[in-house]
Structure formats: structure tokens, C-alpha cells
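Working notes, structure below.
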Amino acid sequence: MPELPEVETVRKGLEKLVLKATIESVEVYWDRIISGPIETAEFKRILMGEKIMEFDRRGKYIIIRFNQWALVSHLRMEGKYEVEESAAPLKKHTHVVFHLADGRDLRYLDVRKFGRMTLVPIGEEFTATGIRLLGPEPMVETFDKAIFYRTLQTKKRAIKPLLLDQKIVAGLGNIYVDEALFLAKIHPLRTANSLQKIEVSKLHEAIIKVLGDAVEAGGTTIRTYQNALGEAGSFQVNLSVYGKKGLPCVRCGTPIEKIKVAQRGTHFCPMCQRLSVD
DNA sequence: AAACTGACCTGTCGGC
DNA sequence: TGCCGACAGGTCAGTT
């Protein structure tokens, strides 16, 4: 489900529902969800009695801080959290259950089992996990346009797979890359080093706008799940190209095309986003 | 070093 | 109806 805006929405939801809650015990039903040097038995033992002090986020990672420990959680494709009464029956695909002292559970569900959570001593959450490899957060204050331009100049790859690389800028995924490239009028197959300064500038602004607007709207839901945190979903972002194959471009009316780029479904307007000037 | 390729998983959808 | 391949919002290890 999640790119940065969806993860941020989940973070807010968790904060609202279970901040300051105390974990009484933990059940793990699929071992590989728990990753890193601390394995499952130790994971369960450590978290017993811990109080949730803070929900943070970096890129697509959620960071749950306790007093001495931090739990770094990545939802990958379909991970989600739910809060339920402990008595409620477990749904299919429930892999980790945190029993809270107040009679509720915080539950982690993940159909494809791609998600991971890693427990680290507090202070090591930015260094002992994949977070250490992340590029800047996509905000005006943190995402430097000149550095972005210089980085792109050194890369020969197509721009789309490059933007999916979290080392360049953190938080974009398949939906918002397509949306940002559309907004900046750049074809997904353009090589990074072929982009003019003005184009990189537009792309930089588009990335910040697309993700910022989506955070404000509470994320996007493509497939519909019910009950999951972060999918309160009264408002949704308006997507321009993602999932719009064959529909008229909102700018020029030309049918949106879908191609495959770096193994990923890729949507664009063939009129607004030209590969070459002809 | 940069850049592809499969692997990790389960469910759904479209075509024959 | 049933089967079978393609596809799904993401990384990561292994290879050229």
C-alpha cells in the first residue's frame, strides 16, 4: 500500500490511537517479519512492558520509539496496522500482535509478508537499519535542488527507476513517480543526464508538491481495504496518470499510455511527456 | 561503481 | 468453469 504519504497517514493514525500505550506481550506468527540481529524470542522479551513514547517517520519507514528501544517498521507492498479489542478474532494474514495493557491489540497484517520490523537500541535507528541509506526527505527545507541536479547529471539510467531509488530522494514509489513526472512533463524513459536544468527544477518542485499534496489528503487508496490505519480515507488525492490507462489526459485529452519501465507499470501522457523533440 | 535480474509472498484478474 | 500467466503501492542480494 504505501509510499511516503500513506506511511505518514499510518503514523498519524497510530499516534492518535496508541501513543503512550504499554505493551504487555507480543505474538509473532511469521518469523521473517522480524529482521535484524535481534531475533523473535528476544524481540518478544524486550518489548514486554515497554511504553510507546513516540511515532516518527523517515522516508517510508515508521519508527516506534520506546524508552530504550526503537522499532523500525517498513510496510513494503501491503503491510498494515490495525487496532482491535484483544477479544476480536484474528484476521487472515495477521503476523504480529502487540497485546496492550488496556485490553486492545496493535496488530500487523501483511498479505504478501514482504514487510519487516527491526528492533534496535534507541539512537541506532538511523544507522542500524536501511534508513541510513536514504536520501533527503522530499521537503523544501531538506531536498536541495542543486545537489539533485548534480546527482542526475552523473546518472545514465532512465529517470523513472532513478526516482524509485530511495538514495536519491526518500519516499517516492510507483504511483507518485508517475504523477511527479507527469506534472513536470518529463517522459519516464528520459535518461537522467539528458535533463536540462529547467526540467530538473520543475521535477524537483513536482516531487515536493505531489508528495506534499498527498500527505495533506491522507494518501491514496488504490485497492480498498477496510479498517486499516491510515485509510480513514474520506479524502483522497486526485491522481492524474496512475491507473488512468486509456483515459483522456487532464491537460490535453490525449489517452494516457501504460508501458513497462524497469519491470514496473508506468503511466504517462504521450503528448505532454515527449521522449524527444520532433 | 552502476545497473540489471531474480527472490521474497499471496491474491486477483483477464484471456482462452 | 478451470487453468495459467501477468500483475500488484517495495526492497535486497547477487551478478555482470
According to a strict under-4.0 Å criterion, is [X] in side-chain N/O contact with OP1 or OP2 of [N]?
X	N	value
A:Lys156	B:dA2	no
A:Arg264	C:dC7	no
A:Lys167	B:dA2	no
A:His95	B:dC9	no
A:Gln166	C:dT11	yes

[atom1] gap between [N] and [M], integer Å:
N	M	atom1	answer
C:dT11	B:dA1	P	23 Å
B:dC13	C:dG9	P	15 Å
C:dA6	B:dG6	P	13 Å

With the side chain of [X] defined as its heavy atoms from C-beta on, choose the nearest nucleotide among [options].
X	options	result
A:Arg76	C:dG9, C:dC12, B:dG11	C:dC12
A:His74	B:dA3, C:dA8, C:dG10	C:dG10
A:Lys155	B:dA3, B:dT10, C:dT11	B:dA3
A:Lys113	B:dC9, C:dC7, C:dT11	B:dC9
A:Tyr61	B:dC8, B:dT10, C:dC12	C:dC12
A:Tyr242	B:dT10, C:dT11, C:dG9	C:dG9
A:Glu3	B:dA3, C:dG9, C:dC7	C:dG9

Contact class for [X] vs. all strands (heavy atom < 4.0 Å): base, sugar-phosphate, or nothing?
X	answer
A:Arg116	nothing
A:Gly265	sugar-phosphate
A:Lys260	sugar-phosphate

Distance check needed: [N] [atom2] versus [X] [atom1], whole Å only.
X	N	atom1	atom2	answer
A:Leu162	B:dA3	CG	P	7 Å
A:Leu4	C:dT11	CG	P	11 Å
A:Leu239	C:dG9	CG	P	12 Å
A:Asp31	B:dC8	CG	P	16 Å
A:Ile168	B:dA3	CD1	P	9 Å
A:Asp110	B:dG11	CG	C1'	13 Å
A:Arg112	C:dG9	CZ	C1'	10 Å
A:Arg32	C:dA13	CZ	P	12 Å

Quick one: pull up OG1 in A:Thr266 and CG in A:Leu181 and give me the separation to the nearest 0.5 Å.
->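 A:Thr266 atom OG1 to A:Leu181 atom CG measures 9.0 Å (nearest 0.5 Å).
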Determine the interplanar angle of the A:His74 and A:Tyr61 rings, folded into 0 to 90°, and report it as parallel if under 30°, tilted if 30 to 60°, perpendicular if over 60°.
->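 Answer is perpendicular, since the angle exceeds 60°.
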Going by ring centres under 5.5 Å and near-parallel planes (under 30°), is A:Phe114 stacked on B:dC8?
->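 Per 5.5 Å and 30° rule: yes, stacked.
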Is any NZ, NE, NH1 or NH2 atom of the basic residue among A:Glu15 and A:Lys12 found under 4.0 Å from an Asp or Glu carboxylate oxygen of the other?
->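 The answer is no: the pair does not qualify as a salt bridge.
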Taking NZ, NE, NH1 and NH2 as the nitrogens, is one of them in A:Arg190 or A:Glu199 under 4.0 Å from a carboxylate oxygen of the other?
->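 Yes, charged N to carboxylate O under 4.0 Å.
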Option from A:Leu172, A:Val169, A:Val210, A:Val215 for which side chain to side chain contact (heavy atoms under 4.5 Å, CB included) with A:Leu4 holds |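 Only one option passes, and that is A:Val215.
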With a 3.5 angstrom cut-off on both distances, give the Watson-Crick or G-U wobble partner of B:dC9, or none if there isn't one.
->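 For B:dC9, the partner nucleotide comes out as none, under the 3.5 Å rule.
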A:Lys92 or A:Pro161: which one's nearest nucleotide on DNA chain B is closer to the 5' end?
->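 Residue closer to the 5' terminus by nearest nucleotide: A:Pro161.
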Tell me yes or no: between the side chains of A:Asp178 and A:His267, is some donor less than 3.5 Å from an acceptor?
->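 Side-chain D/A pair, A:Asp178 to A:His267: present.
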Might you point out which heavy atoms bring A:Glu179 and A:Tyr242 nearest each other, and give the distance in Å?
->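 That closest heavy-atom pairing would be OE2-N, 2.9 Å.
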